[in-house]
2 protein chains.
Amino acid sequence: MLVFNLIFVLRLDFGIQLIANASMESIDTELAARIRKDIILGAYKEGERVSEAQLCEIYEVSRTPVRLALRLLEREGVIRRGEGRGYRVQSPTVEDILQAVEVRGHLESLAARLMAQRRGRADHLPKMALAIERIDAAIGELASLGGLDESVVRRAQAANKVFHTTILSACANDYVGYTCEQISHLPMLAVGSMVFDRTVGDTPDRFQRGLFRLRLGNAQHQVIFEAIEKGDPVRAEGMMREHSHTMVEYIQTFEKRDESLTVADLVAYSATESFSPNS
Amino acid sequence: MLVFNLIFVLRLDFGIQLIANASMESIDTELAARIRKDIILGAYKEGERVSEAQLCEIYEVSRTPVRLALRLLEREGVIRRGEGRGYRVQSPTVEDILQAVEVRGHLESLAARLMAQRRGRADHLPKMALAIERIDAAIGELASLGGLDESVVRRAQAANKVFHTTILSACANDYVGYTCEQISHLPMLAVGSMVFDRTVGDTPDRFQRGLFRLRLGNAQHQVIFEAIEKGDPVRAEGMMREHSHTMVEYIQTFEKRDESLTVADLVAYSATESFSPNS
DNA sequence: GACAACGATTTAGGATCCCAAACTGGTTCG
DNA sequence: CGAACCAGTTTGGGATCCTAAATCGTTGTC
C-alpha cells in the first residue's frame with residue numbers, strides 16, 4: 001500500500017537508459033539535474049541568491065561544471081541571470097506546472113493528429129495496443145488486489161509512458177518530441193506520468209475512484225488508438241486533448257481542495273528517485 | 001525593389017533589445033549565436049566534425065566560452081555530443097524548418113485559444129487592432145507603389161510580429177511563449193516572420209499574388225482578433241491554426257517547385273542581419 | 001548630519017593548465 | 001597475412017588563476 005503526503009507521482013525511469021546517462025554524461029549535465037532537483041524541492045528559496053562559489057562548495061565540484069550547469073538551467077528557466085552579479089532562483093510554482101502540462105498536452109494532441117495522418121503509422125500501432133493491454137491488465141490486478149501495489153502501479157506507469165512516447169516519436173515531427181522534452185524537466189511533467197491523489201489508498205471508496213480514473217484514462221487511450229488506426233486526425237487530436245486535460249483538471253481540483261499545495265508536494269515521491277537528466 | 005535568390009525572409013529585430021543583448025550578454029551566448037548562424041549558413045558540413053580547439057581558433061576565444069556555447073547549442077539540437085570524443089554538426093534541413101514551423105503554429109493556436117478564454121484579454125486588444133491597421137496601411141502603400149519597398153515591408157513585419165507576440169504574451173501561459181522561443185532559434189522561425197517568394201518582385205502578376213497573400217493573412221488576423229474579442233476560443237484557435245499553416249504550405253509549394261531548396265536559401269536575407277541571440 | 005566619492009571585496013567571465021580517455025598508428029606475434 | 005596490443009597523440013572535461021566589473025562600506029567634505 002502506498003500512501004503519501006499530498007499527492008504522489010510515480011514515474012517510469014527507463015532504468016537502463018538512466019544508468020547509461022548517469023555514467024556516460026559528463027558531470028555538468030548531471031550537476032544541472034541535481035541543482036534543478038534541489039530547486040524544485042525548495043532547497044533554495046524563491047528570491048534572489050546563489051553564487052557560483054557557493055554551489056561549488058555545496059556540490060563539491062569546481063566552478064567550470066557549475067557554470068556549464070547554470071547555463072543549462074538558465075535556458076530551462078529555473079534560474080535567471082539578472083542585471084547585477086547574481087543568479088536568481090526562479091523555482092516553479094504549481095501554476096507553472098499547470099501551464100507546462102497544458103502546453104505538453106497540446107503538443108501531444110498535435111502528435112496524435114500527425115500520427116493519424118501519417119502513412120507509416122501502422123508500424124507503431126502494435127506497441128500502443130500492447131501498452132493499452134498492459135495498463136488494462138494492471139488495472140485488473142489492482143482491482144482484484146483491492147489496493148495499490150507499487151510494482152503493479154509501476155508497470156502501469158511504464159506502459160502509459162510507452163503509449164505516449166510512441167505517439168510522440170511516431171508522429172514524424174521530431175520537434176514535437178523535442179519540444180516536449182524541453183518542458184519535461186520537472187519530474188511530474190515527464191511524458192506519460194500519472195498523478196495520484198494521496199487519498200487514493202485511504203478508503204475503499206477513494207480507491208475505487210482512483211481505479212475509475214485509470215479505466216477512464218485507458219479508455220481514452222483506446223479511443224486515441226482507434227482514431228489513429230483509422231486515420232482520423234480530428235478525433236485523435238481531440239481525444240488526446242481531452243486525455244491530457246484530465247491531469248490539469250485533477251491537479252486543479254486538488255489545488256482548490258488544499259490551498260497549501262506546493263510543488264514540493266507534487267514531487268514528493270519522485271524526488272526520492274534519481275531524476276532523468278535529459279534524454 | 002527587393003529581389004533575392006530563392007526566398008527571402010524579412011524579420012523584425014527589435015533593434016533596441018538586440019543591441020542591449022549584444023552588448024550586455026556575455027561572450028558565450030553571443031558566441032553560440034555566431035556558431036549557430038554559421039552552422040545554419042552551411043559553414044560546417046552536415047556530418048561529424050568540429051573540436052573545441054578548432055572553434056577557439058576560428059572565433060578567437062578561449063575554450064571556456066566555446067564549451068559554454070557548445071552546451072547551449074547541444075541543448076538546441078544544432079550539434080550533438082556523441083559516443084566518442086567529437087561534436088557532430090546537426091545542421092537543420094528544410095524539413096526541420098517545416099516541422100518547427102508546424103509546432104510553432106500549433107503553439108500559437110493554443111495561445112489564441114487561451115487568450116480568447118481569458119478575462120483580462122481586453123487590455124491587449126488595442127495593440128492587436130493597431131497592428132492589423134498598420135499591416136493594412138502597409139499593404140495599401142505597397143499596392144499604390146506597385147512594388148516592394150523595404151521600409152514598408154519592414155513596417156509590415158514589425159506590426160505582424162507585434163500581433164503574434166501580443167497573443168503569445170497575453171495568453172496567460174508563460175510556457176507557450178517560452179516554448180515558442182525555444183524553437184525560434186532559426187531566424188525564419190522567429191514569431192511573426194513573413195516569408196516571401198523571390199519571384200514576388202519579378203512580374204506585376206506575381207506581385208499581385210504576393211499582395212493577395214498579405215491581404216489574406218491580415219484578414220485572418222482580423223478574424224482571429226474578432227474571435228478573441230468575442231471570447232470564441234474554438235474559432236480563435238482554428239483560425240490561428242489555419243493562419244500558421246499558410247507558411248507551411250507556402251514553403252512546401254516552393255520546395256516542390258525548386259528541389260534544390262536549402263536552408264541557406266531560406267535565410268538568404270535574414271543572414272545579412274545580426275541574429276537575435278535568444279530572448 | 002547627509003551625500004558623494006573612493007576603495008575594498010565579492011563575483012562572474014575568460015584563459016590556461018592538467019588529466020583522463022579514446023582514436024590512430026605501428027609493430028609484433030600467432 | 002591478419003589480428004591484437006601497445007604507445008603516442010588528439011581531444012574533451014575539470015580545476016585553478018587572473019581580470020574586470022559591480023556592489024557595499026567607509027570616509028571625507030560640504
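First the proteins, then the strands, lettered A, B, ... as listed; each starts at 1. Source: prediction; values computed, not measured.
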Heavy atoms from other residues, nucleotides or ligands near CZ of B/Arg134 exceed 12 (cutoff 6.0 Å)
no
Name the nucleic acid region contacted by B/Val50, choosing base, sugar-phosphate or nothing; use a 4.0 angstrom heavy-atom cut-off, strictly under.
sugar-phosphate
Under the salt bridge (Lys or Arg N to Asp or Glu O under 4.0 Å) definition, can you give me all pairs with a residue in residues 60-72 of chain B, not counting sequence neighbours?
A/Asp28-B/Arg71, B/Glu52-B/Arg63, B/Glu52-B/Arg67
Whole-Å gap separating P (D/dT16) and CD (A/Glu52)
14 Å
Tell me the interatomic distance from B/Leu72, atom CG, to C/dG13, atom P, rounded to whole angstroms.
12 Å
For nucleotides 17-22 of chain C, give me one character per nucleotide, 5' to 3': B if any protein heavy atom sits under 4.0 Å from the base, S if the only such contacts are to the sugar-phosphate, - if neither.
B----S
Nearest-Å distance for atom pair CZ/P, residues B/Arg67 and D/dG12
10 Å
State whether A/Ser62 places a side-chain N or O below 4.0 Å from either non-bridging phosphate oxygen (OP1 or OP2) of D/dG14.
no
Identify which one of A/Arg104, A/His106, A/Glu108 satisfies the side-chain contact (heavy atoms from CB on, under 4.5 Å) criterion when paired with A/Ser244.
A/Glu108
Would you say the side chain of B/Ile40 lies within less than 4.5 Å of the side chain of B/Pro92, judging by non-hydrogen atoms?
yes
Any donor-acceptor pair under 3.5 Å linking the side chain of A/Glu102 with the backbone of A/Ile97?
no
Can you check the A/Leu70 CG to C/dT11 P distance for me, whole Å?
14 Å
B/Arg81 side-chain proximity, nearest of C/dA12, D/dG14, D/dG13:
D/dG13
Expected list for residues 54-61 of chain B near DNA chain D, using heavy atoms below 4.0 Å, is none
OP1, OP2 of C/dG13 versus side-chain N and O of A/Arg71: anything below 4.0 Å?
yes
The single option from B/Asn160, B/Leu168, B/Thr166, B/Ile167 that satisfies side-chain contact (heavy atoms from CB on, under 4.5 Å) with B/His164 is B/Asn160
Integer-rounded Å distance: C/dG13 P and B/Ile27 CD1:
11 Å
Spacing between B/Leu68 atom CG and D/dG13 atom C1', to the nearest angstrom:
12 Å
Say whether, by atom type as modelled, one donor and one acceptor occur between the side chain of A/Tyr178 and the main chain of B/Glu76 under 3.5 angstrom.
yes
Can you tell me if CZ on B/Arg88 sees more than 12 non-hydrogen neighbours from other groups inside 6.0 Å?
yes
Which whole-number value in Å describes the distance from B/Leu31 CG to C/dG13 P?
14 Å
Measure the shortest side-chain to side-chain distance between A/Gln90 and A/Ile79 over non-hydrogen atoms and say whether it is less than 4.5 angstrom.
no
When we call it a touch if two heavy atoms are under 4.0 Å apart, what does B/Thr64 touch: a base, just sugar-phosphate, or nothing?
base
